[in-house]
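Below is one structure, written out as structure tokens; comments come after it.
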Amino acid sequence: MQHPARSAPASTSPEAVDVVPEAPQLGRIGFRRKTLAYIALTKPRVVELLLVTTAPVMVLAAQGHLDLRFLGLLIATLVGGTLSAGSANAFNCYIDRDIDRVMKRTRKRPLVTGELSPREALVFAWTLAVVSTVVLAVFTTWLAAALSVAAIFFYVVIYTLILKRRTPQNIVWGGIAGCMPVLIGWAAVTGDLSWVPIILFGIVFLWTPPHYWPLSMRYREDYAAAEVPMLAVVRGRTAVGLQVVLYAWATVVCSLLVIPLAPMGVVYTVLAVLSGAWFLIESHRLYAAAIRPGEVKPMRVFHASITYLTLVFIAVGVDPLVFVPIPALLP
């Protein structure tokens, strides 16, 4: 899933709730503005990253056989996956609307501005959840539909309601929901799971902390004000930098495990190695800056991580189409 998310203050006392400003009351807004507000509720940029991991995995699962049946399956899976991810994100916005009013970078979300009411958001989230499940069950496989439901449940209940407000490990385990599109895409094509999608799942799982923790460094004051115990809030930048390096190494190593299992050819191998090396270099630069006094630029790693994951999964989809075994290049 993108992963490739926000929550409420730990305090839930009446006094704490009373000091949270209510969303401003707006007059009747137009259809276009209302539509854009609903779209914003789904967090489109997050959904885009999830789709980047879904489509290539489906190509790999189909072993590069892209006929009309596959095209229909791909469209149905991407539509269902988009609705599913949008549902989870809408639920997240509904639950976290109190701290979205506190954090500067989330104050323009539709439940904060008043463009949508909590009831509208909740109905919208449930509608997307039901429709996405029906689409995947009817047009793909029951396993893909079940995995989609599990992803929504995990993101909404396990991550947003339980983990996010209680532990700095929230991103580590909550990131499982963002990994599910990999399994959904594979299951939509094959109707089952194997070690290959599990390893691809592992790539996204291990990638999520070094992707998100730099962002939490950048917005540390926001999370501190909202009392969300992100690692950057409770441990500081040196600890975050070290964890980013460790998880980045684990991600790159996991990406190389796909090569003998799939098996993958030259395209994937070269892209995984080169993009992985770049990701590691940026991660080490962040750590080197974090242990010294002065300015840290965590967003470089954040953006690098997005590019890295995109390149790796593009390679996953392209490699089966132009498969060249690695021994073919050896003397």
Side-chain angles (χ1 to χ4, degrees), residues 1-7 42-43 45-54 56-57 77 80-93 95-96 125 128-129 132-133 136 143-188 192-216 228-231 243-244 246-248 250-255 257-258 302 305-306 308-309 312-313 316:
M1 143 202 303
Q2 23 90 218
H3 67 185
R6 337 291 173 251
S7 117
T42 67
K43 304 180 185 178
R45 296 185 68 179
V46 175
V47 175
E48 287 175 13
L49 194 58
L50 297 178
L51 297 182
V52 164
T53 63
T54 305
V57 170
T77 306
T82 298
L83 296 175
S84 175
S87 168
N89 290 328
F91 276 119
N92 176 265
C93 287
I95 295 166
D96 286 348
L128 291 185
S132 66
T133 304
L136 291 171
L143 179 57
L147 289 169
S148 172
V149 172
I152 296 173
F153 175 83
F154 203 96
Y155 187 69
V156 175
V157 177
I158 305 301
Y159 172 65
T160 306
L161 287 175
I162 298 176
L163 294 176
K164 188 172 184 180
R165 308 182 185 210
R166 291 174 171 84
T167 171
Q169 292 295 305
N170 47 20
I171 289 300
V172 177
W173 301 108
I176 289 175
C179 310
M180 297 299 281
V182 172
L183 302 184
I184 293 169
W186 188 278
D192 59 22
L193 297 175
S194 65
W195 277 110
V196 174
I198 290 174
I199 295 299
L200 294 171
F201 175 99
I203 295 172
V204 184
F205 175 76
L206 293 168
W207 165 89
T208 302
H211 162 68
Y212 198 86
W213 279 336
L215 184 70
S216 72
V228 178
M230 291 297 175
L231 189 65
Q243 291 298 313
V244 166
L246 295 176
Y247 272 96
T251 303
V252 174
V253 170
C254 187
S255 73
L257 296 178
V258 184
F302 175 78
S305 69
I306 295 175
Y308 164 75
L309 192 73
V312 167
F313 275 87
V316 167

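Note that the numbering runs from 1 along the sequence shown for the chain. Values reported hereafter were calculated over all heavy atoms of this structure, with side chains retained and with hydrogens, waters and symmetry mates removed.
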Between [X] (side chain only) and [Y] (backbone N and O only), is there a donor and an acceptor less than 3.5 Å apart?
X      : Y      : value
Thr251 : Leu206 : yes
Trp207 : Ser305 : yes
Arg166 : Leu161 : yes
Ser84  : Ser132 : no

Roughly how far, to the nearest 0.5 Å, is the [atom2] atom of [Y] from the [atom1] atom of [X]?
X      : Y      : atom1 : atom2 : answer
Ile184 : Thr77  : CD1   : OG1   : 9.0 Å
Asn89  : Ile152 : CG    : CD1   : 10.0 Å
Ile306 : His211 : CD1   : NE2   : 5.0 Å
Tyr212 : Leu231 : OH    : CG    : 12.5 Å
Phe153 : Met180 : CZ    : CE    : 12.0 Å
Phe201 : Cys179 : CZ    : SG    : 4.5 Å

Inset, instruction - Would you tell me whether Thr160 and Asn92 have side-chain atoms, one donor and one acceptor, within less than 3.5 Å of each other? - result: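 Yes, because at least one side-chain N or O of Thr160 sits under 3.5 Å from a partner of the opposite role on Asn92.
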Please tabulate, for side-chain N and O atoms in residues 168-177, each donor-acceptor pair with protein atoms closer than 3.5 Å (sequence neighbours left out).
from: Asn170; atom 1: ND2; to: Lys164; atom 2: O; distance (Å): 3.2
from: Asn170; atom 1: ND2; to: Thr167; atom 2: O; distance (Å): 3.2

Inset, instruction - Measure across Leu128 and Gly86 and return the closest heavy-atom pair with its distance rounded to 0.1 Å. - result: CD1-C, 3.7 Å
Legend entry - Heavy-atom closest pair, residues Pro197 and Leu183: O-CD2, 3.6 Å
Inset, instruction - Could you list the residues that satisfy side chain to side chain contact (heavy atoms under 4.5 Å, CB included) with Ser216, not counting sequence neighbours? - result: Trp213, Tyr223, Met230, Ala232
